[in-house]
Amino acid sequence: MFDYHMHSAFSADCRAEMEEMVKESITKGLSEICFTEHIDYDYPVDDFVFDIDKRSYARKINELQQRYDGQIRIKKGIEIGIQPHILERYEDLLKMERFDFIICSMHTVERKGLHYGELFKGKTIDEAFQAYYEELLYCVKNFEDYSVLGHVDLIKRYAKERASHPFHELLQSIFETIIPLGKGIELNTSGVRYGLSHGLPSEDVLKLYKQCGGEIITLGSDAHKPEDIAFQFKESIDLLKSIGFRYIATFSNRKPQFHPIDQL
C-alpha cells in the first residue's frame, strides 16, 4: 500500500518529525510513501509562511531513504497551492527543483483562504462553489507542471451548507483539460477525518473522473501526524474498485507507475 500525501515539520502547519512519519508508515505495513510538503506562495494569512528549505528537505529525504532502504520506499514530493497570479512563480520553482511527485492544490480563491471562510462572505453558497471551480479551471488551463490535482472538491470541507447542485459541468471541463495531458487526481481520505461523510473528492466526482476517461489516481491520507497515516485506506480501495478503477499510481521522477488495485 502507498500513502502519497503526508506532511512533516518541513510544512508550516505540521510539527511531526519526518522520521516518526516513516517509522509509523513501516509499522502500518506501507511499502511506499511520498512526503508532499507545502509550498503555498502568497497565502493570505500572515501566521503561516508556506515555503520550505529545499536543500534541507532534499538532504533529509536522502538520509531517510538510505537509513530505511529495504524497509520502505520514500519519495520526495511537494504540494503547491496554486492561484492564477502566481503560476509563473511555480513554473520557475519547478525548473530549478526536482521532485518525484507534485500535488497541485487550491487552498485560496480570489486571494481569500478557504480555511478561514473568507470566500463565503458576501456570496451565496452556489456563488462560492462557482468561483472555486472556475478559478481551478483557469489554473489547469494555464499550468501543467504537476502530477495530480489534490482534493479537487476541497471547498466542501469548509462550506457550512451544501450547494444546490454538484457543479459537474465545471468539473467535467477540468477533467477534460487534465486527462489528455496525462495528469491525474488523488483520493484524499482526510475528508472523513474532518467531519465529512466522504473523502475528497466525493464518490460522484470520482465517478465523473472515471467517465471522462481518467485512470491516474493516487491515494493519500494528508496526514500531519503519525496516527493519521493510511487513514481509511481499506474503505477507499473498496470504493475505487466499485467504481471501476483498476490501478493505483505512484510516481518516480514525475513518471507514473501503475499498481493493480486487486493486489493491494
Evaluate the side chain to side chain contact (heavy atoms under 4.5 Å, CB included) criterion for residues Met18 and Met6: first the C-alpha distance (whole Å), next the side-chain angles of each, then the deciding distance (0.1 Å), finally the verdict. CA-CA 10 Å; Met18 185 177 280; Met6 67 172 63; over 6 Å; no
- Task: Applying salt bridge (charged side-chain N to carboxylate O under 4.0 Å, His left out), run through Lys156 and Asp153 and close with a yes or a no.
- Result: CA-CA 6 Å; Lys156 293 173 183 172; Asp153 55 356; 2.8 Å; yes
Q: Would you check, one step at a time, whether the test side-chain hydrogen bond (donor to acceptor under 3.5 Å, both in side chains) holds for His5 with Glu79?
A: CA-CA 8 Å; His5 191 151; Glu79 181 182 13; 3.1 Å; yes
* To do: Any chance you could lay out the side chain to side chain contact (heavy atoms under 4.5 Å, CB included) test for Thr36 and Ile78, step after step, and finish with the verdict?
  => CA-CA 4 Å; Thr36 51; Ile78 204 77; over 6 Å; no
Full working for side chain to side chain contact (heavy atoms under 4.5 Å, CB included) between Ser202 and Leu206: CA-CA 6 Å; Ser202 53; Leu206 290 168; over 6 Å; no
>> Ile248 vs Leu240, test: side chain to side chain contact (heavy atoms under 4.5 Å, CB included). Steps then yes/no.
In response: CA-CA 9 Å; Ile248 294 293; Leu240 292 173; 3.6 Å; yes
Yes or no on salt bridge (charged side-chain N to carboxylate O under 4.0 Å, His left out) for Glu110 and Lys123, after CA distance, side-chain angles and deciding distance? CA-CA 12 Å; Glu110 298 177 352; Lys123 284 183 171 64; 2.8 Å; yes
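Between atom CD of residue Glu32 and atom OG of residue Ser252 there is a gap of 8.0 Å, rounded to the nearest 0.5 Å. Phe251 contributes atom CZ, which lies 7.0 Å from atom OG1 of Thr218 (distance to the nearest 0.5 angstrom). With rounding to the nearest 0.5 Å, the separation of CZ in Phe99 from CD in Glu97 is 5.0 Å. Once rounded to the nearest 0.5 Å, the distance linking CZ of Arg193 with CD of Glu227 reads 9.5 Å. Residue Glu88 holds its CD atom at 13.5 Å from CG of Leu93, rounded to the nearest 0.5 Å. Between atom NZ of residue Lys207 and atom CD1 of residue Ile243 there is a gap of 6.0 Å, rounded to the nearest 0.5 Å.
Judged by distance alone, the side chain of Tyr138 and the main-chain N or O of Gln83 form no donor-acceptor pair under 3.5 Å. Side chain of Gln232 to main chain of Thr189: no donor-acceptor pair is present (N/O by atom type, distance under 3.5 Å, no hydrogens or angles). Lys75 places no side-chain N or O within 3.5 Å of a backbone atom of Phe35 that could act as its donor or acceptor partner. Using a distance-only test at 3.5 Å, with no hydrogens or angles considered, no donor-acceptor pair links the side chain of Glu37 to the main chain of Ala9. No donor-acceptor pair closer than 3.5 Å links the side chain of Lys225 to the backbone N or O of Arg15. No donor-acceptor pair closer than 3.5 Å links the side chain of Lys241 to the backbone N or O of Asp262. A donor-acceptor pair under 3.5 Å links the side-chain atoms of His224 to the main chain of Asp222, judged by distance alone. Looking only at distances, a side-chain donor or acceptor of Tyr90 sits under 3.5 Å from a matching main-chain atom of Tyr41. In terms of modelled atom types and a separation under 3.5 Å, the side chain of Asp100 and the main chain of Asn253 share a donor-acceptor contact. At least one donor-acceptor pair closer than 3.5 Å links the side chain of Thr177 to the backbone N or O of Ser173.
Two residues are said to be in side-chain contact when any heavy atoms from C-beta on lie closer than 4.5 Å; Ile125 and Phe120 meet this criterion. Put simply, the side chain of Lys60 does not reach to within 4.5 Å of the side chain of Asp53, judged on heavy atoms. Leu154 is listed as a side-chain neighbour of Leu114, based on a closest heavy-atom distance under 4.5 Å. Counting heavy atoms from C-beta outward, Ser105 and Leu149 have side chains that stay 4.5 Å or more apart. With a 4.5 Å cut-off on side-chain heavy atoms, Lys210 and Glu215 count as touching. A 4.5 Å side-chain heavy-atom check between Leu219 and Leu264 finds every atom pair outside the cut-off. Considering only heavy atoms from C-beta on, His168 comes within 4.5 Å of Asp204 through its side chain. You'll find the side chain of Leu87 reaches within 4.5 Å of the side chain of Cys139, heavy atoms only.
Checked by atom type, the side-chain pair Thr250/His259 shows a donor-acceptor distance below 3.5 Å. Checking Glu17 against Ser8 by side-chain atom types alone, no donor-acceptor pair falls below 3.5 Å. Side chain to side chain, Ser56 and Arg59 meet the donor-acceptor criterion of an N or O pair below 3.5 Å. Side chains of Ser221 and Asp228: a donor-acceptor N/O pair is absent below 3.5 angstrom, by distance only. Tyr68 and Glu19 are linked by a side-chain donor-acceptor pair at a separation below 3.5 angstrom, with hydrogens and angles left out of the test. Side-chain contact annotation: Ser11 with Asp13, donor-acceptor N/O pair under 3.5 Å absent. Side-chain polar atoms of Thr124 and Asp126 form no donor-acceptor pair below 3.5 angstrom.
Tyr133 and Phe129 have tilted rings, their planes meeting at an angle from 30° to 60° on a 0 to 90° scale. Ring orientation note: the planes of Tyr57 and Phe10 are tilted relative to one another, at an angle of 30° to 60°. Note on ring orientation: taking the six-membered ring where Trp is involved, the planes of Tyr158 and His115 are perpendicular (angle over 60°, cut-offs 30° and 60°). Between His38 and His7, the ring planes are parallel. Angles under 30° get that label, and only those over 60° would be called perpendicular.
In the hydrophobic cluster analysis, where Ile, Leu, Val, Met, Phe, Trp and Tyr join through side-chain heavy atoms closer than 4.5 angstrom, Phe231 is grouped apart from Ile237. Tracing side-chain contacts under 4.5 Å through hydrophobic residues (I, L, V, M, F, W, Y), one reaches Ile33 starting from Ile52; they form part of the same cluster. Both Leu200 and Ile216 are assigned to one and the same hydrophobic cluster, defined by single-linkage of ILVMFWY side chains at heavy-atom distances under 4.5 Å. Both Leu119 and Phe167 belong to a single network of hydrophobic side chains, linked directly or stepwise wherever heavy atoms of I, L, V, M, F, W or Y lie under 4.5 Å apart. No continuous path of hydrophobic side-chain contacts links Tyr43 to Val109 [ILVMFWY only; heavy atoms under 4.5 Å].
Residues Tyr132 and Met106 approach most closely at O-CE, 3.0 Å, considering heavy atoms. Across all non-hydrogen atoms, the minimal contact from Pro44 to Thr108 is CD-OG1, 3.6 Å. The nearest pair of heavy atoms linking Ile74 to Leu64 is CD1-O, 3.6 Å. The heavy-atom pair separating Lys76 from Ala58 by the smallest distance is NZ-CB, 3.7 Å. Closest approach of Ser25 and Ile229 over heavy atoms only: OG-CD1, 3.5 Å. Closest non-hydrogen pair, Pro180 versus Phe175, comes out as CD-O, 4.2 Å.
Within a 6.0 Å radius of CZ in Arg67, more than 12 heavy atoms belonging to other residues, nucleotides or ligands are found.
Geometrically, Lys183 engages Tyr146 in a cation-pi contact, judged by NZ or CZ lying under 6.0 Å from the ring centre and within 45° of the ring axis.
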